[in-house]
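Structure first, then comments.
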Amino acid sequence: MDASQSQELDFEIRASAAPVSAERRAQMLVAPGFGSVFTDHMATVRWTEGAGWHDARIEPYGPITLDPAAAVFHYGQEIFEGLKAYVQADGSIAAFRPQANAARFNRSAARMAMPQLPERLFVRAIELLVAQDRDWVPTADGHSLYLRPFMIATQTGLGVNNPSSSYRFSVIASPVAGYFGGAVRPVTVWLSEDYSRAAPGGTGEAKCGGNYAAAFAGQRQALEHGCEQVVWLDAAQRQWVEEMGGMNLFFVYGAGPSARIVTPVPTGSLLHGMTRDSLLKLGPDLGIPASEERISVAEWQRACAAGDMTEAFACGTAAVITPVGAVRSTGAEWTIGDGGTGPVTTRLREELVGIQYGSRPDRYGWMHPIR
Ligand code: COI
């Protein structure tokens, strides 16, 4: 079954018999943190060989029961997405670029030998879930509803000759505040010299759980060295900067009218982030030229020392745009610009967030209304 198939599945709506009370929900929305509060419902669609996608429903949020021999537990055949829905300035709700996430989901599925999910079905699941749980979309400044679509292999059996013959696609929703806690503040990053995140021909471009499982050891080292995040280098030469934790990186060269932004060129092993893609378009429209280039660790350090590089920031759905203030590795440590949040980072963040919350014009048609 391919993604272009315009299969229209009717979702059965099974409303929760015990939704969280309005009073309790209001308490939970005060300081939701990131990914620890969930709404009353989830969307689920199943796929089996021969039958394709079926059993689409919105149902009460709750545990998933699987056979202990289900493929996902043993071979990690799993992919996911991350996107957000926002309360707009006029009180309506809109999701940011869900079609782009649907397309990336299918690229991840292809790499992991999983079935293609029609884009319409991906977007419909999101529309129905957010509409069902619209009271959970937070209205506090900077808060949003983080949506986590994922697909898991459910076939029972330990053979590895063929990919699973059955899958479950689900979407869960989590009201969130900032990923790095309260106010936007610069993070310090650790250059991972012991571990690689991904290699050419591997799964680095896919948004699969295994990439994140493999990243924990590097992230732990970062924390042990007093850094918030790990930065991954290319696996072959260990000198080209790829991405940061679960986010993409941008570098700002120059300042004022001569500022330009640069992000590592996709080499097959880094994730094509939606925020990354959006900034590559937004930057030039704001008069900030944007390009994809290879940046080495040596160049990063040199450009900061020479004052050529004035700012750096990470970007992702969860992180939005988060400044990077300093870099640390076993043999070196340096500050980027003055170590604070620079004007280009702030300008891009304000513009992007303004579009997402509907206070700035959406010139690109990125916002998808939820009715
Ligand atoms: C996202 O920004 O949606 C991500 O995927 C990061 C996440 C793993 C926390």
Side-chain angles (χ1 to χ4, degrees), residues 32-39 76 78-86 95-109 111-112 122 125-126 129-130 137-138 142-152 170-181 184 187 189 192 197-198 203-220 222-223 228-232 242-250 263-264 266 269-280 313-324 348-349 352-353 355-356 366 368:
F34 183 87
S36 43
V37 171
F38 296 93
T39 66
E78 187 270 358
I79 57 171
F80 68 94
E81 273 300 324
L83 69 158
K84 285 176 173 171
Y86 308 81
F96 186 67
R97 304 188 69 185
Q99 293 87 353
N101 288 90
R104 186 174 66 179
F105 194 67
N106 277 329
R107 293 198 297 275
S108 300
R111 177 63 184 84
M112 302 299 283
F122 180 100
I126 285 164
L129 177 62
V130 177
V137 186
H143 294 199
S144 56
L145 187 69
Y146 184 78
L147 296 156
R148 173 52 66 87
F150 61 101
M151 189 189 337
I152 55 172
S170 284
V171 188
I172 54 175
S174 175
V176 296
Y179 187 72
F180 291 106
V184 180
V187 294
V189 298
S192 179
R197 176 186 171 274
T203 59
E205 275 192 357
K207 204 159 173 67
C208 63
N211 288 343
Y212 296 77
F216 282 120
Q219 176 62 20
R220 187 156 63 187
L223 295 175
E228 283 95 339
Q229 284 288 313
V230 59
V231 165
W232 302 108
E242 296 226 308
E243 62 184 75
M244 173 181 121
M247 299 132 216
N248 294 120
L249 275 170
F250 271 87
T263 191
S269 55
L270 65 92
L271 196 73
H272 291 253
M274 296 315 148
T275 315
R276 174 187 185 280
D277 179 74
S278 306
L279 292 175
L280 284 172
F313 60 85
C315 67
T317 298
V320 193
I321 291 179
T322 298
V324 178
L348 289 166
R349 188 183 161 98
L352 179 69
V353 168
I355 293 171
Q356 292 171 333
W366 283 339
H368 181 81

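As the structure is a prediction and not an experimental result, all values here were calculated from the model. When a ligand or atom number is given, it counts from 1 through the structure's own listing order.
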Walk me through it: do E242 and R197 pass the test salt bridge (charged side-chain N to carboxylate O under 4.0 Å, His left out)? CA-CA 9 Å; E242 296 226 308; R197 176 186 171 274; 5.7 Å; no
With sequence neighbours left out, the residues meeting salt bridge (Lys or Arg N to Asp or Glu O under 4.0 Å) with R97 are D277
Out of Y212, F150, F122, Y146, which residue meets the ring-ring contact (aromatic ring centres under 6.0 Å, His included) rule with F80? Y212
Region of K207 engaging ligand 1 - heavy atom pairs below 4.0 Å: side chain
Check ligand 1 against T317 and write out every atom of the ligand that is under 4.0 Å from a heavy-atom position of the residue. 1 (C), 2 (O), 3 (O)
Top protein contact for atom 8 (C) of ligand 1, by heavy-atom distance: Y212 CE2, 3.6 Å
Show which atoms of ligand 1 fall inside a sub-4.0 Å distance from at least one heavy-atom site of Y179. 9 (C)
Tell me: protein heavy atom nearest atom 7 (C) of ligand 1, and distance? R148 NH2, 3.9 Å
Does ligand 1 come near enough to A318 that some N or O of the ligand is less than 3.5 Å from an N or O of the residue? yes
At a 4.0 Å threshold, what atoms of ligand 1 neighbour a non-hydrogen atom of G82? 3 (O)
Which residue holds the protein heavy atom closest to atom 1 (C) of ligand 1, what is that atom called, and what is the gap in Å? Y146 OH, 3.5 Å
Which heavy atom of the protein is the closest neighbour of atom 6 (C) of ligand 1, given with residue, atom name and distance? G246 O, 3.9 Å
4.5 Å side-chain heavy-atom contact, C315 and N248: yes
Are side-chain heavy atoms of P266 and H272 found at a separation under 4.5 Å? yes
Should the ring pair Y86 and F96 be called parallel, tilted or perpendicular, given that the plane angle runs from 0 to 90° and is split at 30 and 60? perpendicular
Do the side chains of E81 and R104 get close enough for a salt bridge, i.e. N-O under 4.0 angstrom? yes
